[in-house]
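Quick caveat: nothing in here was measured; it's all calculated off a predicted structure.
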Amino acid sequence: QVQVVESGGGLVQPGGSLRLSCDASGRTFSRHNTAWFRQAPGKEREFVAAIRWSDRHTSYSDTVKGRFTTSRDNARNTVYLQMNTLKPEDTAVYYCALGAGSPITSMLKYASTYDYWGQGTQVTVSS
């Protein structure tokens with residue numbers, strides 16, 4: 001069975017920071033690409049960030065580039081999303097996703113690349 005669990009969401013003021021964690025079972029995490037997506041009310045799910053397992057290449061959406069950083073700790077089967085300089089438009093449910101294979105860089109931003117998803121964690125940026 002697969003278990004992918006996000007945590008760390010909450011309410012933060014504009015300009016503040018949050019660190020999201022994604023804990024996955026060892027079998028599903030190992031040798032998997034990892035990604036973060038988000039979905040705001042009334043909007044489609046949006047790519048945020050990803051790490052390719054094969055070469056540890058990271059990819060970010062234009063809207064978060066320079067503000068967010070994703071990383072992984074293989075020993076703990078955990079992937080992180082460090083979110084700095086948060087804006088109200090960052091408000092969304094954030095999802096962690098895992099996928100096997102070796103996608104080219106352009107494919108990392110597509111949800112179809114990933115097979116396993118967490119339940120999501122709410123991030124609200126408001127004053």
If I take atom OG from residue S61 and atom CG from residue L108, how far apart are they, to the nearest 0.5 angstrom? 13.0 Å
List the residues meeting ring pair (Phe, Tyr, Trp, His ring centres under 6.0 Å) with [X], not counting sequence neighbours, and say none if there are none.
{"X": "Y80", "result": "none"}
{"X": "Y60", "result": "none"}
{"X": "F37", "result": "F47, Y114, W117"}

Residues 71-88 vs salt bridge (Lys or Arg N to Asp or Glu O under 4.0 Å), sequence neighbours excluded, gives none
With sequence neighbours left out, which residue pairs that include part of residues 90-112 fulfil the salt bridge (Lys or Arg N to Asp or Glu O under 4.0 Å) condition? R38-D90, R67-D90
Within the 4.5 Å heavy-atom criterion, are [X] and [Y] side-chain neighbours or not?
{"X": "T34", "Y": "C96", "answer": "no"}
{"X": "S25", "Y": "N77", "answer": "no"}
{"X": "Q3", "Y": "Y116", "answer": "no"}
{"X": "L81", "Y": "R19", "answer": "no"}
{"X": "V123", "Y": "L18", "answer": "yes"}

Grouping ILVMFWY residues whenever side-chain heavy atoms fall under 4.5 Å, the cluster of V5 otherwise contains none
Using a side-chain heavy atom cutoff under 4.5 Å and only I, L, V, M, F, W and Y, what cluster partners does I104 have? M107, Y110
Report, as yes or no, whether the 6.0 Å neighbourhood of atom CD on E89 holds more than 12 heavy atoms from other residues, nucleotides or ligands. yes
Donor-acceptor pair, side chain of N33 and main chain of G99, under 3.5 angstrom: yes
So the disulfide bond (SG atoms under 2.5 Å apart) pairs with at least one residue in residues 31-65 (sequence neighbours excluded) are none
With sequence neighbours excluded, residues passing side chain to side chain donor-acceptor pair (under 3.5 Å) with [X]:
{"X": "Y95", "result": "none"}
{"X": "S17", "result": "N84"}
{"X": "Q119", "result": "E6"}

Treating Ile, Leu, Val, Met, Phe, Trp and Tyr as nodes and any side-chain heavy-atom pair under 4.5 angstrom as an edge, say whether V48 and V125 lie in one connected cluster. yes
Sorted by chain and number, sequence neighbours left out, side chain to side chain contact (heavy atoms under 4.5 Å, CB included) with T124 holds for L11, T91, Q122, S126
On a heavy-atom basis, the closest approach of T113 and P103 is CG2-CG, 3.8 Å
Taking atom types as modelled, is there a side-chain donor on S102 or R52 under 3.5 Å from an acceptor on the other? no
